[in-house]
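In what follows, a structure is listed as structure tokens, so that the remarks can point back to it.
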Amino acid sequence: MATVTRADLADAVHRETGLPRRDAARLVDMAIEAIAERLSAGETVMISEFGSFRVRDKRAREGRNPRTGEPAPIQARRVVTFRPSQVLKMRIAEGRADTGNET
């Protein structure tokens with residue numbers, strides 16, 4: 001499984017738009033920063049045909065240390081969740097069907 005980095009995204013923008021690599025990298029950084037700012041403010045970020053990023057508050061709870069089995073408190077925290085759009089779900093399902101036949 002491959003990981004997609006900022007550099008990979010900038011390279012894709014460069015190839016698709018013809019922008020210089022430096023400008024493409026700035027554009028990717030600006031988009032990521034805009035998403036991060038909105039999420040930090042507790043807002044939902046929806047990207048058409050991709051999905052939604054939401055901030056969710058998780059309550060404090062009692063957990064367990066997996067090694068020892070002893071109780072361990074888990075503090076309340078805010079987390080980011082992602083919910084894919086129907087379009088993305090369909091693209092992923094189609095990709096699985098294509099690669100599933102190759103094995």
Taking every non-hydrogen atom, the tightest pair across [X] and [Y]:
X	Y	answer
Gly42	Arg78	CA-NH2, 3.5 Å
Val28	Arg6	CG1-O, 4.2 Å
Val55	Leu39	CG2-O, 3.1 Å
Ala24	Ala10	CB-O, 3.4 Å

Linked, directly or transitively: [X] and [Y] (ILVMFWY side chains, under 4.5 Å):
X	Y	value
Val87	Phe50	no
Ile47	Leu9	no
Val4	Phe53	no

Is there a side-chain contact between [X] and [Y] in this structure, where contact means two heavy atoms from C-beta onward sitting under 4.5 Å apart?
X	Y	value
Ile35	Ile32	no
Leu19	His14	no
Arg54	Arg56	no

- Task: Determine yes or no for a side-chain-to-main-chain donor-acceptor pair under 3.5 angstrom, with Asp11 supplying the side chain and Asp8 the backbone.
- Result: no

- Message: Take a 6.0 Å sphere around CD of Gln75 and say whether it holds more than 12 heavy atoms from other residues, nucleotides or ligands.
- Response: no

Using 0.5 Å steps for rounding, measure from the [atom1] atom of [X] to the [atom2] atom of [Y].
X	Y	atom1	atom2	result
Met46	Arg38	CE	CZ	12.0 Å
Glu62	Ile74	CD	CD1	8.0 Å
Arg21	Arg15	CZ	CZ	8.0 Å
Glu33	Glu37	CD	CD	4.5 Å

- Got a salt bridge between Asp23 and Arg26, using NZ or NE/NH1/NH2 to carboxylate O under 4.0 Å? yes

